[in-house]
Undergrad: 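First the structure, then my questions, so here it is.
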Amino acid sequence: MAKILVVDDDKLLTDMISDCLSAEHHVVECSLNGDDARERMQNYHYDVIILDWGLPGISGLELCKKFRFDGGTTPILMLTGRDTISEKESGLDSGADDYLTKPFHMKELSARIRALLRRIHPAKSNVLVAKNIALDPAIHRVTRDGAEVQLHPKEFALLEHFMRNPNQVFSAQSLLDRVWTSESNVGPETVRTCIKRLRQKIDVDGQASLIENVYGVGYKLTLE
């Protein structure tokens, strides 16, 4: 699961991309103009940004440059109808990590997103393991001691986030920023409820919970 921002003024295209990536269990937000995208990029965390070059107002090229100048490190996939070598060079030099020329096939877009995510989370195996819990993002499957555990999408996304970042403490707000869309009408209580349900499904009676409360700070998945 990744949180992905799609920026393009073509609503039909953003809807198609959103549907495709949501079907792969990603959390997807869409922005139709540069000003809105700039605000989101400044205020929210994303794992990947899909950015159209030709936006109304501030261009995708300028957005990318400013994001990198301000210290943004999120991988950026640039979308554009421009296909000359010099234009591709400009896009990559602006700070983009990859470049996809329109029109494109959704399978290619999906493959490029997976490649960018592998740069963030390099691993010998796609399966994440924490004590007796194994999570396979590719087939959206979780097991406890080898037995499959049925999780709701947000429970799965939350567990995957914890397993990719073991022993790191996250506040309820930071979990909202990473697992829920910014448009969601949710708050810290939503996180607490989701973690409670998740614990009921993955914890073993009589043993300490895999997800630890850090008093006054937040939550972490403990592997020590």
Side-chain angles (χ1 to χ4, degrees), residues 1-5 21-22 24-29 39-49 67 70-75 116-224:
M1 184 280 301
K3 188 170 184 178
I4 300 173
L5 176 64
L21 297 179
S22 296
E24 296 178 356
H25 309 292
H26 297 303
V27 176
V28 184
E29 294 185 13
E39 183 177 350
R40 291 173 187 262
M41 291 163 71
Q42 288 174 342
N43 295 310
Y44 300 101
H45 170 85
Y46 299 97
D47 296 296
V48 175
I49 298 171
F67 183 67
D70 291 340
T73 59
T74 300
L116 290 175
L117 290 172
R118 282 196 296 271
R119 296 182 193 177
I120 306 172
H121 303 294
K124 295 180 181 178
S125 170
N126 288 330
V127 178
L128 304 173
V129 178
K131 296 184 179 178
N132 63 332
I133 301 296
L135 182 149
D136 190 337
I139 59 175
H140 206 68
R141 183 172 186 262
V142 173
T143 59
R144 186 184 75 176
D145 295 321
E148 187 165 359
V149 179
Q150 298 297 327
L151 299 181
H152 293 300
K154 282 293 181 282
E155 295 165 358
F156 187 97
L158 196 59
L159 179 60
E160 181 181 352
H161 179 70
F162 277 125
M163 292 180 74
R164 290 192 184 278
N165 302 278
N167 300 315
Q168 295 185 41
V169 181
F170 296 96
S171 67
Q173 186 58 54
S174 68
L175 292 172
L176 283 172
D177 290 343
R178 287 164 171 77
V179 177
W180 281 263
T181 63
S182 58
E183 297 95 341
S184 300
N185 185 25
V186 295
E189 183 59 35
T190 303
V191 176
R192 288 191 286 271
T193 301
C194 192
I195 288 177
K196 181 180 179 180
R197 292 199 310 262
L198 181 57
R199 283 170 169 160
Q200 290 172 345
K201 296 179 180 181
I202 66 172
D203 287 348
V204 177
D205 289 342
Q207 297 182 16
S209 176
L210 190 65
I211 300 172
E212 178 185 348
N213 276 49
V214 180
Y215 183 75
V217 182
Y219 308 89
K220 72 173 180 177
L221 185 146
T222 306
L223 290 185
E224 298 170 348

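Starting from 1, each residue takes its place in the sequence as its number.
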Undergrad: Nearest 0.5 Å please: distance from the NZ atom of Lys131 over to the OG1 atom of Thr222.
TA: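 That separation rounds to 6.5 Å.
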Undergrad: Using modelled atom types only, decide if a donor and an acceptor are shared between the side chain of Thr193 and the backbone of Glu189 within a distance under 3.5 Å.
TA: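 Between the backbone of Glu189 and the side chain of Thr193 there is a qualifying donor-acceptor contact (under 3.5 Å).
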Undergrad: Please determine whether side-chain contact (heavy atoms from CB on, under 4.5 Å) holds for the pair Asp47 and Val27, giving the CA-CA distance in whole Å, both sets of side-chain angles, and the decisive distance to 0.1 Å.
TA: CA-CA 10 Å; Asp47 296 296; Val27 176; over 6 Å; no
Undergrad: Do you know the tightest heavy-atom contact between Asn132 and Arg144?
TA: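 In this case the closest contact between Asn132 and Arg144 is ND2-CG, 3.3 Å.
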Undergrad: With rounding to the nearest 0.5 angstrom, report the CG to CZ distance, Leu158 to Phe170.
TA: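 Result: 10.0 Å between the selected atoms.
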Undergrad: How about Pro75 and Arg119: do any of their side-chain heavy atoms sit closer than 4.5 Å?
TA: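 No; the side chains remain at least 4.5 Å from each other.
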Undergrad: Main chain of His161, side chain of Arg178: is a donor-acceptor contact present, judged purely on distance under 3.5 Å?
TA: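 The answer is no, because no donor-acceptor pair under 3.5 Å joins these two groups.
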Undergrad: Is Asp136 reaching over with its side chain to a backbone N or O of Ala138, donor-acceptor style, under 3.5 angstrom?
TA: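 Checking the backbone N and O of Ala138 against the side chain of Asp136, a donor-acceptor pair under 3.5 Å is found.
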Undergrad: What are the two closest non-hydrogen atoms of Leu175 and Ile195, and how far apart are they?
TA: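 Closest approach of Leu175 to Ile195, heavy atoms only: CD1-CD1, 4.3 Å.
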Undergrad: Does Ser171 use its side chain to pair, donor to acceptor, with the backbone of Ser174 at less than 3.5 Å?
TA: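 Side chain of Ser171 to backbone of Ser174, a donor-acceptor pair under 3.5 Å: yes, one is there.
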Undergrad: The test is side chain to side chain donor-acceptor pair (under 3.5 Å); show your working for Glu29 and Tyr46 and say whether it passes.
TA: CA-CA 9 Å; Glu29 294 185 13; Tyr46 299 97; 2.7 Å; yes
Undergrad: Distance from Leu116 atom CG to Ile49 atom CD1, nearest 0.5 Å?
TA: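 One finds 11.0 Å between CG of Leu116 and CD1 of Ile49.
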Undergrad: Locate the shortest heavy-atom distance separating Val214 from Lys220; write the atom from each residue and the value.
TA: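 Taking Val214 first and Lys220 second, the nearest heavy atoms are CG2-CG, 4.1 Å.
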Undergrad: Return the set of residues passing ring-ring contact (aromatic ring centres under 6.0 Å, His included) with His26 (not counting sequence neighbours), or none when no residue passes.
TA: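 ring-ring contact (aromatic ring centres under 6.0 Å, His included) check on His26 returns nothing, list empty.
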Undergrad: Where do Met163 and Leu128 come nearest, in terms of heavy atoms and distance?
TA: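 Looking at all heavy atoms of both residues, the shortest contact is CE-O, 3.3 Å.
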Undergrad: Only distances under 3.5 Å count here; give the side-chain donor-acceptor pairs of residues 148-155 to other protein atoms, sequence neighbours excluded, each with its distance to 0.1 Å.
TA:
| from | atom 1 | to | atom 2 | distance (Å) |
| --- | --- | --- | --- | --- |
| Glu148 | OE1 | Arg141 | NE | 3.4 |
| Glu155 | OE1 | His152 | N | 2.9 |
| Glu155 | OE1 | Lys201 | NZ | 2.8 |
| Glu155 | OE2 | Arg197 | NE | 2.7 |

Undergrad: Between the main-chain N or O of Trp180 and the side-chain N or O of Lys3, is there a donor-acceptor pair closer than 3.5 Å?
TA: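 Confirmed, Lys3 side chain pairs with Trp180 backbone.
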Undergrad: Going by side-chain hydrogen bond (donor to acceptor under 3.5 Å, both in side chains), name the residues that satisfy it together with Gln173, two or more places apart in sequence or in a different chain.
TA: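 Applying side-chain hydrogen bond (donor to acceptor under 3.5 Å, both in side chains) to Gln173 gives Asp177.
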Undergrad: So which atom in Val191 and which in Ala172 form the shortest heavy-atom distance, rounded to 0.1 Å?
TA: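 The pair with the smallest heavy-atom distance is CG2-O, 3.6 Å.
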Undergrad: Distance from Thr74 atom OG1 to Leu5 atom CG, nearest 0.5 Å?
TA: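 Reported to 0.5 Å precision, the distance equals 9.5 Å.
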Undergrad: Could you state the interatomic distance from CG (Leu159) to CZ (Arg199), rounded to the nearest 0.5 Å?
TA: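 Leu159 CG to Arg199 CZ: 12.0 Å, rounded to 0.5 Å.
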Undergrad: Working to the nearest 0.5 angstrom, can you tell me the gap between Asn213 CG and Arg192 CZ?
TA: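 If we round to the nearest 0.5 Å, Asn213:CG and Arg192:CZ are 10.0 Å apart.
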Undergrad: Could you give me the CA-CA distance, side-chain angles and deciding distance for Phe162 and Leu210, then say whether side-chain contact (heavy atoms from CB on, under 4.5 Å) is met?
TA: CA-CA 10 Å; Phe162 277 125; Leu210 190 65; over 6 Å; no
Undergrad: In terms of heavy-atom contacts, does CD of Gln168 have more than 12 from other residues, nucleotides or ligands at under 6.0 Å?
TA: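 More than 12 within 6.0 Å, yes.
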Undergrad: Mind listing the closest non-hydrogen atom pair of Leu176 and Gly187 along with its distance?
TA: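 Nearest heavy atoms, Leu176 then Gly187: CD1-C, 3.6 Å.
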Undergrad: Begin with the C-alpha distance, continue with both residues' side-chain angles, and end with the deciding distance and a verdict on side-chain contact (heavy atoms from CB on, under 4.5 Å) for Val142 and Ile133.
TA: CA-CA 7 Å; Val142 173; Ile133 301 296; 4.0 Å; yes
Undergrad: Is the His25 ring parallel, tilted or perpendicular to the Phe156 ring (thresholds 30°, 60°)?
TA: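 Aromatic pair His25/Phe156 classed tilted.
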